[in-house]
Each structure stands twice: as C-alpha cells, then as structure tokens.
*Asks:* 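Got a structure for you, questions after.
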Amino acid sequence: MNFDLTEEQQLIQGSVARFIKDNYALDTRQQLVASATGYSDTYWSMMAELGWLGLPFAEENGGFGGNQVDTMVLMEQFGKGLVLEPYLASVVMGGGALKRASDALKEAVLPAVIDGTCKLCLGYAEPQSRFDLHDVATTAAADGGNFIISGHKSMVLHGGSASRIVISARTSGERTDVNGISLFLVEAEADGIQRESFQTVDGLRAAEITFKDVRVPAKNLIGELDAGYAILRAVANDAILALAAEAVGAMEMLYKDTVAYTQERVQFDHPLADFQVLQHRMVDMFMEYEQCKSLLFRATLETVQNSDELAQRSIHALKHLVGRAGIFIGENAVQLHGGMGMAEELRVGHYFKRILVIDSQFGNADYHLQRFAI
Amino acid sequence: MNIEMSASDLAFRDDVRSFLKDNVCKPGEDYGRGRLDWFAKAAAKGGWDVPKWPQAFGGPGWTPSQHYIWEQETARASLPWDLPFGVGMVAPIIMGYGNAEQQARFLPDIRARKVNWCQGYSEPGAGSDLASLKTRAELSADGSHYVVNGQKTWTTAGHIADWMFLLVRTDDSGRKQEGITFLLLPMKQSGIEVEPIITLGGAHSVNSVFLTDVKVPVADRIGEEGKGWTYAKGLLQHERTGLAGISRSLVALEGLKAKAASVVCGDGNLMDDPEFRGKVATLEIDLLATEFTELRSLASAQAGAAPGPESSILKLKGTEIQQRIQKLTVEAGGIYAAAWGGNQVGPGFARAGMAGYLASRAYTIYGGASEVQRDVIAKNVLGIKRSST
Ligand SMILES: Cc1cc2nc3c(=O)[nH]c(=O)nc-3n(C[C@H](O)[C@H](O)[C@H](O)COP(=O)(O)OP(=O)(O)OC[C@H]3O[C@@H](n4cnc5c(N)ncnc54)[C@H](O)[C@@H]3O)c2cc1C
C-alpha cells in the first residue's frame with residue numbers, strides 16, 4: 001500500500017501550483033470573473049501548451065494517458081487557486097464522454113479538445129430533473145441519417161463559450177427510464193440552438209440551452225443508441241472525483257487561512273487562537289478536511305483499480321461528505337474571521353462560494369446520502 | 001399556567017390585523033423613507049409607528065403580550081423591515097440619557113423617518129472587544145467642541161445615513177470601558193469619508209468610515225463624558241433579543257415548505273423526500289421550542305420580573321434557526337442554487353435563496369458573535385468563574 005504520488009504526478013502538481021502562484025492572485029481572478037467569458041483565453045492556451053488539456057486522454061488520441069489520480073492531483077491545485085477556466089467542462093465532462101465514443105469520433109474531435117481550440121460542455125440536467133441523470137425529457141428522433149433534437153438543458157457549465165455540446169437525449173422509453181437515453185455531440189452554433197449564458201455565484205459561468213428541431217448527423221452519436229446512461233454515469237463519477245478534489249483543495253485553504261488569521265487577530269488582549277472554543281473548532285475543520293481527503297483517495301483509487309461501478313458506493317460517500325464537511329468548513333471559516341469573513345476582498349468567502357456550488361452539482365450531500373443508503 | 005390569550009389581547013390582535021390589511025405595505029420599500037405615508041397612518045393609531053417607545057415619548061404603552069402580537073402579525077403580513085438605527089437604537093439612548101434640548105431636536109425627525117442613522121461602534125481593531133475602540137475625541141481648548149479622528153468599520157447604511165451615533169475615546173488612562181463617550185454627528189461634512197465594503201453576495205450595505213478632524217459640538221454629546229459605554233451597553237442587550245426574529249422565522253418556515261413543495265423531485269415534490277422533510281421537521285421542532293422560550297421570557301417581563309435565564313438564549317437560537325431556514329432554501333434550489341447573474345433561471349426563489357443564505361452568515365457575527373454570546377451566558381447565567389482565557 002502506498003499513497004505517494006509518482007514522479008510525473010509530482011511534476012504536474014508542482015507545475016499547476018506554480019501556474020497558480022504566478023497567475024491567480026485574487027484581484028486578477030476577480031477581474032477575469034467580471035470579463036465577458038469569465039476566464040482567460042491566454043491561461044487556456046497556457047494550459048494546452050503545458051499539456052494539461054490532454055491529461056486524461058489516450059496517447060493514441062494525442063493525450064497523456066493519465067487516469068483519475070492524475071486529474072485529482074491537478075484539480076486539487078485548481079481548487080486552491082479558484083481557477084476559472086473550463087477544464088472540468090471541456091476535458092473531464094465533455095471530453096470524458098468523447099473518450100467513450102467511437103474511434104472515428106474520437107479522432108475527429110479529441111485533437112482539438114487537447115490543443116484547446118475546441119471547448120466542450122456537457123448538458124445533462126433539465127428543469128425537472130433535479131439531480132437525476134436519468135430524468136431526460138429532451139428528445140432525439142431518428143430521421144434518415146440524422147437525429148432531430150428538441151429540449152432544454154439547464155445549468156450547463158461553461159455552456160456559453162463552448163464550441164460543441166455533448167447532450168443526453170431520450171431516444172426511447174419514458175422520461176425517467178434508465179434505458180433509452182443516448183448521447184450526442186452537437187455543434188454549438190447549429191440552427192435551432194439558443195444559449196443564454198450567466199454567472200454562477202462562484203464567479204464561473206453556466207448556460208441555459210434550448211434545442212428546437214436541431215439536426216445532428218447520426219455519426220455524432222456517442223456510444224450505442226439507447227445505452228447512453230452508462231456513459232453518462234461514468235462521466236458523472238469522473239466529474240464527482242474531480243470536483244471533490246477541487247473542493248478538498250479549497251477546504252485546505254479555508255482551514256489554513258483560518259488558523260493563520262486567528263493567530264494574527266487580537267481581541268480582548270489575546271490572539272483569537274488563544275480561545276479554546278476556536279481552537280477546537282479549527283481542529284474539527286481540519287479533521288473534516290482530512291476525512292474528505294481520505295474518501296477522495298479511496299473513491300479515486302477504487303475507480304482506477306477496479307471500475308467506477310465497483311467504486312460507486314465510495315463515490316456516493318465522497319460526494320456526501322464533501323458537501324457536508326465542505327459547508328461546515330466554509331461556514332466556520334467565515335464565522336471565525338468575523339466581519340472579515342463576509343468581505344469579498346478576502347479569499348475565504350470565495351472558497352466558500354465555490355464549495356456551495358460544488359455541492360449543487362451532480363447531486364448534493366442529501367442526494368448521495370440516499371443513494372449510499374439504498 | 002395558561003396559554004390562552006385574554007379577551008383584550010384578542011381584540012387587540014383583530015385591530016392590528018385589520019390595520020395591516022387596510023394598509024398594505026410593499027416589501028422592498030424597506031429603507032423607511034418610501035413608507036412615510038404608512039408611518040403617518042400608524043402614528044395616527046396612537047404610537048403604532050414607534051411600538052417600543054415609552055408612552056412619555058409618544059409610544060403606545062403596550063403590554064409585553066401586545067408587543068408579541070404585533071411582532072407576529074407584522075411578520076405574517078410581511079411588513080418590510082425598518083432600519084433599526086434611528087427608532088430602535090439611537091432614540092432610546094437619547095430618551096434615556098440625552099437632555100431635553102436633544103430630545104426635542106432629534107426625536108421628531110427620527111420618528112418621522114426623515115433622517116437616516118448609522119451606528120459607528122466597530123473599528124478595525126475593535127469588534128467583539130468593542131471597548132478597545134481607539135477613535136479619539138479631543139476637547140477643544142475653549143471647551144466648545146470635540147475634534148474626532150479615527151476609523152469606524154462595518155457601518156451598515158453609512159453611505160445613505162444623514163447622522164451617525166458613535167462611541168469615541170476621550171480618555172485612556174483607566175479601564176478601557178471607562179473613557180468612552182457617546183457622540184452624534186452629521187455624515188455629510190468635510191473630514192468624513194465613506195468607502196464601501198462589498199460583502200459575499202456582492203451587496204453594498206456596509207462601509208468603512210474615516211474621520212479626520214471632524215468637529216462635534218459638545219451639545220451633540222449624549223450624557224456625560226466617559227459614560228458612553230454604560231449607555232451603549234444597555235442598548236446592546238436590547239438589540240440582541242430583537243435579533244432573534246422568531247415570528248419572522250415562523251413565517252419563513254411556512255414559506256420554505258411551500259417552496260419545497262413547488263420543486264419537482266422524481267415523481268413527486270421535494271417535501272416527499274424523506275431526507276429533506278426530516279430536516280424541515282427538525283427545524284420546526286427547534287422553532288416551536290424557541291417560540292415558547294420567547295413566550296416564557298415575555299411572561300416574566302409582563303409580570304414585571306427581571307428577564308429569566310431563558311431569555312439569554314434567544315439571540316443564539318433565533319439566529320441559528322434563521323440560518324438553517326436559509327440553508328434549506330438553498331438546498332431546495334437544487335441545481336439552480338448556483339445561478340446568480342443574468343435573468344432568473346429555475347424556481348423564482350433560487351437566487352434570493354442563495355443571497356439570503358450568504359447574508360445570513362453575518363447573523364451569528366454581528367450583534368454579539370455566537371462564541372462571545374456563549375461566553376457571556378457561561379459567565380452571567382451559569383455563573384462560571386474563569387481564572388484565565
Ligand atoms: C453585515 C454586518 C453588518 C454590521 N453592521 C454594523 C454596524 O452597523 N455598526 C457597527 O458598529 N458594527 C457593525 N458590524 C460589526 C459587528 O458588530 C462585528 O462584526 C462584530 O462585533 C464582530 O467583530 P469582528 O467582526 O471584529 O470579529 P472578531 O471580534 O474579530 O471575532 C472573530 C471571531 O472570533 C470569535 N471571538 C472573538 N472573541 C472571542 C472570545 N473571547 N472567545 C471566543 N471567541 C471569540 C468571534 O465569535 C468570531 O467568531 C456589522 C458586521 C457585519 C458582518
């Protein structure tokens with residue numbers, strides 16, 4: 001047994017950490033948040049040049065051949081840096097679906113995803129679906145060599161700046177059937193698509209995307225007809241692992257910032273950290289962080305060494321704990337900073353908001369608790 | 001023991017209900033001035049515009065249970081908040097410790113909501129430990145005015161206020177609670193700079209206020225020099241029980257249930273979800289208990305007794321309940337909890353839910369941070385004596 005990173009993983013960790021140190025001061029980040037796309041195209045190109053966009057793709061497609069542990073290493077650093085670029089959306093989510101597509105589709109699309117010229121997004125949630133991946137009302141009807149897609153995808157992460165969209169659509173069965181869902185790759189500028197992009201509370205971007213009789217060639221079907229759910233579930237599991245790694249990075253910053261602040265801030269002639277009730281609270285924050293990290297390792301390694309299906313319970317456990325513990329750590333980081341914790345000029349509030357958004361993606365703490373308990 | 005309302009309380013309740021029904025007041029007009037008309041009508045009812053003021057100053061002279069009924073009914077009618085700084089905070093101090101001239105000069109405009117006030121207590125170095133405040137006031141050689149220098153922070157509504165009431169240091173030779181003086185000053189004058197502090201949801205409600213050589217006539221000092229701490233302390237206690245917001249939480253809880261019932265979840269709605277329903281139930285149980293804790297505290301006040309130990313827990317319980325309601329509202333938003341800019345997407349309550357949740361994190365920080373409140377209860381109520389920190 002060994003939880004050490006390989007030399008290559010240490011290199012990735014170091015290079016992401018350096019990138020963040022050099023480029024992600026809070027005020028720089030907040031300027032990007034206020035820009036039109038909400039992130040930096042320059043940083044995106046840097047990420048492509050550094051090879052990060054190819055991390056989880058097979059070498060034969062021009063990727064690095066990495067696994068979920070490699071993504072975890074990178075995302076944990078992204079969490080510490082509050083990174084805005086659409087890595088998760090394009091590489092882990094959209095790219096994660098394409099990884100499981102036909103060779104022809106992979107060859108046609110992945111090189112551009114890896115060099116950063118094609119940005120992907122994944123549309124899976126719908127107004128009525130809440131957290132159920134299999135609740136799909138969007139329809140795709142076969143029409144000669146095409147499919148005709150109509151429906152509404154909600155809260156599509158970085159959907160506004162993506163050039164291609166991966167979506168789930170129903171090709172047979174009832175709205176909540178697990179069978180009968182298919183995945184398609186759709187050009188974002190295709191006729192019949194409307195996108196409305198907006199900021200999320202953490203400063204990232206999402207979009208509402210509607211499809212009205214959008215024509216998609218049959219070759220853009222990802223995987224087998226009606227069998228898209230298995231792919232979607234696998235992609236969601238990868239996304240959960242990546243988001244959890246990001247959250248763990250944010251939690252580490254939250255507890256450490258709080259430990260540092262309470263040692264500097266003096267009230268009643270004592271540093272706040274002298275007060276035992278605050279010491280114990282910070283110890284609890286630290287313990288919750290370590291526990292999340294343990295479940296992150298557990299779920300990630302089980303996925304890599306077995307399969308995401310065998311790791312499913314651990315993944316549910318992880319997403320539950322990340323939501324519960326993350327919000328506990330975030331709320332207490334704010335509380336222990338007093339008024340300063342409420343101020344946008346400090347980074348604690350931004351980590352806290354990121355953790356809140358992570359809880360709302362791919363099922364919140366309650367949702368995964370129930371799945372775990374079944 | 002008996003929990004029935006008396007006949008006169010029931011009659012009072014009906015009177016309040018019909019007044020509120022006939023004089024609907026739109027939510028959102030919460031900064032007072034938009035509602036001058038409403039306050040005038042409430043005044044005509046005999047002091048209903050200033051329910052907590054003593055009769056001698058035009059208040060209605062209600063019994064504690066009438067106050068409770070008013071809280072309940074105004075919460076139920078969603079009466080917008082009145083900014084507390086004028087009518088609720090500085091006015092009682094002016095009544096209690098100001099002179100007749102000051103009472104005549106300030107109280108009518110405060111009552112009419114013609115003048116907005118802000119509270120200048122906290123400083124960068126003086127938050128929970130308020131008594132360590134450093135803003136200096138030096139008396140001029142001729143004894144006619146003070147010259148004030150320093151910085152206040154977290155000043156709510158400082159950017160829209162006409163006047164500030166503040167605590168300043170006039171002497172630092174003794175204990176730090178001594179040597180603090182209570183002053184009033186107009187905000188729109190040279191030497192005062194107000195800088196916004198943006199809080200988590202992007203809102204601007206609090207400010208830093210920089211004071212440079214600001215002259216305050218001695219006539220605008222409340223009470224005696226060096227007694228400001230004593231004056232402010234009584235009010236702080238009062239401010240805290242007012243922050244519990246229990247009647248409002250009872251209404252908000254019903255709102256939460258309705259919101260959750262409007263959210264599609266599988267084949268039913270979110271209130272069918274056992275996990276969510278369980279959390280709402282736990283919250284409701286705590287709220288039912290807190291409501292009666294408040295009633296017990298009210299009953300002892302009604303009987304003229306000093307507030308019992310139970311009243312000390314109201315601020316803590318009340319604010320924690322408010323935060324839990326906000327948190328569950330965010331959870332009810334589901335995937336839409338994250339939506340923020342642009343047009344509203346998802347259920348109508350989602351964005352306001354997140355904004356409300358973020359803002360609610362401050363409830364356990366201001367008006368006595370929760371950790372410090374627990375300290376106070378340990379010392380004053382449980383009687384625990386500590387040898388060090
Ligand atoms: C939204 C908002 C509005 C406000 N409006 C106003 C206003 O209008 N006017 C005004 O004057 N002030 C205002 N305040 C300031 C408020 O009163 C202070 O934030 C509060 O007193 C806490 O002080 P602090 O922020 O300096 O935190 P600190 O005192 O630094 O406390 C930080 C943390 O340490 C804990 N702590 C402190 N001392 C102890 C102890 N002895 N034992 C254990 N734990 C301790 C606290 O509980 C808290 O968790 C506002 C604050 C906010 C957030």
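Below, chain A is the first sequence line, B the second, and so on; all start at residue 1.
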*Asks:* Are E371(B) and F275(A) close enough that some pair of their side-chain heavy atoms sits under 4.5 Å apart?
*Replies:* no
*Asks:* A126(B) versus chain A, heavy atoms under 4.5 Å apart: side chain, backbone, both or neither?
*Replies:* backbone
*Asks:* In terms of heavy-atom proximity below 4.5 Å to chain A, should A359(B) be classed as side chain, backbone, both, or neither?
*Replies:* backbone
*Asks:* Mind listing the closest non-hydrogen atom pair of V264(B) and Q128(A) along with its distance?
*Replies:* CG1-O, 3.9 Å
*Asks:* Looking at R205(A), Q199(A), E344(A), which one has more heavy-atom pairs under 4.5 Å with chain B than the rest?
*Replies:* E344(A)
*Asks:* Checking S370(B) against chain A: side chain, backbone, both or neither under 4.5 Å from a heavy atom?
*Replies:* both
*Asks:* Would you indicate whether the side-chain heavy atoms of M354(B) and L356(A) approach each other to under 4.5 Å?
*Replies:* yes
*Asks:* State whether K327(B) and E331(A) are salt-bridged, where the test is any N-O pair (Lys NZ or Arg NE/NH1/NH2 against Asp/Glu carboxylate O) under 4.0 Å.
*Replies:* no
*Asks:* Ignoring hydrogens, what is the shortest heavy-atom contact between I335(B) and S154(A)? Give both atom names and the distance.
*Replies:* CD1-CB, 4.1 Å
*Asks:* Given a strict heavy-atom distance threshold of 4.5 Å, which part of A203(B) is in contact with chain A: side chain, backbone, both, or neither?
*Replies:* neither
*Asks:* Need one label for N343(B): side chain, backbone, both or neither, based on atoms under 4.5 Å from any heavy atom in chain A.
*Replies:* both
*Asks:* For the residue pair I197(B) and A343(A), what are the closest heavy atoms and their distance?
*Replies:* CG2-CB, 4.2 Å
*Asks:* Identify which part of V206(B) has an atom lying under 4.5 Å from any heavy atom of chain A, answering side chain, backbone, both or neither.
*Replies:* neither
*Asks:* Looking only at non-hydrogen atoms, find the nearest pair between F198(A) and A339(B) and report the distance.
*Replies:* CE1-CB, 3.9 Å
*Asks:* Just wondering, do L358(B) and K353(A) contact through their side chains at under 4.5 Å, heavy atoms?
*Replies:* yes
*Asks:* Closest heavy-atom contact between C265(B) and R130(A)?
*Replies:* SG-CD, 3.9 Å
*Asks:* Does any backbone or side-chain atom of P347(B) lie under 4.5 Å from a heavy atom of chain A? Answer side chain, backbone, both or neither.
*Replies:* neither
*Asks:* Please classify the contact of Q323(B) with chain A as side chain, backbone, both or neither, using a heavy-atom distance under 4.5 Å.
*Replies:* neither
*Asks:* Side chains of D366(A) and K279(B): does their closest heavy-atom pair fall under 4.5 Å?
*Replies:* yes
*Asks:* Under the criterion side-chain hydrogen bond (donor to acceptor under 3.5 Å, both in side chains), I'd like the reasoning laid out for S132(B) against Q267(A): C-alpha separation, chi angles, the key distance, then a yes or no.
*Replies:* CA-CA 8 Å; S132(B) 66; Q267(A) 289 287 274; 4.7 Å; no
*Asks:* Taking the side chain as C-beta and beyond, is there a heavy-atom pair between M340(A) and W154(B) under 4.5 Å?
*Replies:* yes
*Asks:* K176(B) versus D269(A): any side-chain heavy-atom pair under 4.5 Å?
*Replies:* yes
*Asks:* Would a 4.5 Å heavy-atom cut-off, applied to side chains only, mark R361(B) and F352(A) as touching?
*Replies:* yes
*Asks:* Take atom CD in Q344(B); do more than 12 heavy atoms of anything else shown fall under 6.0 Å from it?
*Replies:* yes
*Asks:* Which pair of heavy atoms, one from N364(A) and one from E331(B), lies closest together, and at what distance?
*Replies:* ND2-O, 4.3 Å
*Asks:* I'd like to check P127(A) versus Y336(B) (side-chain heavy atoms, cut-off strictly below 4.5 Å). Are they in contact?
*Replies:* yes
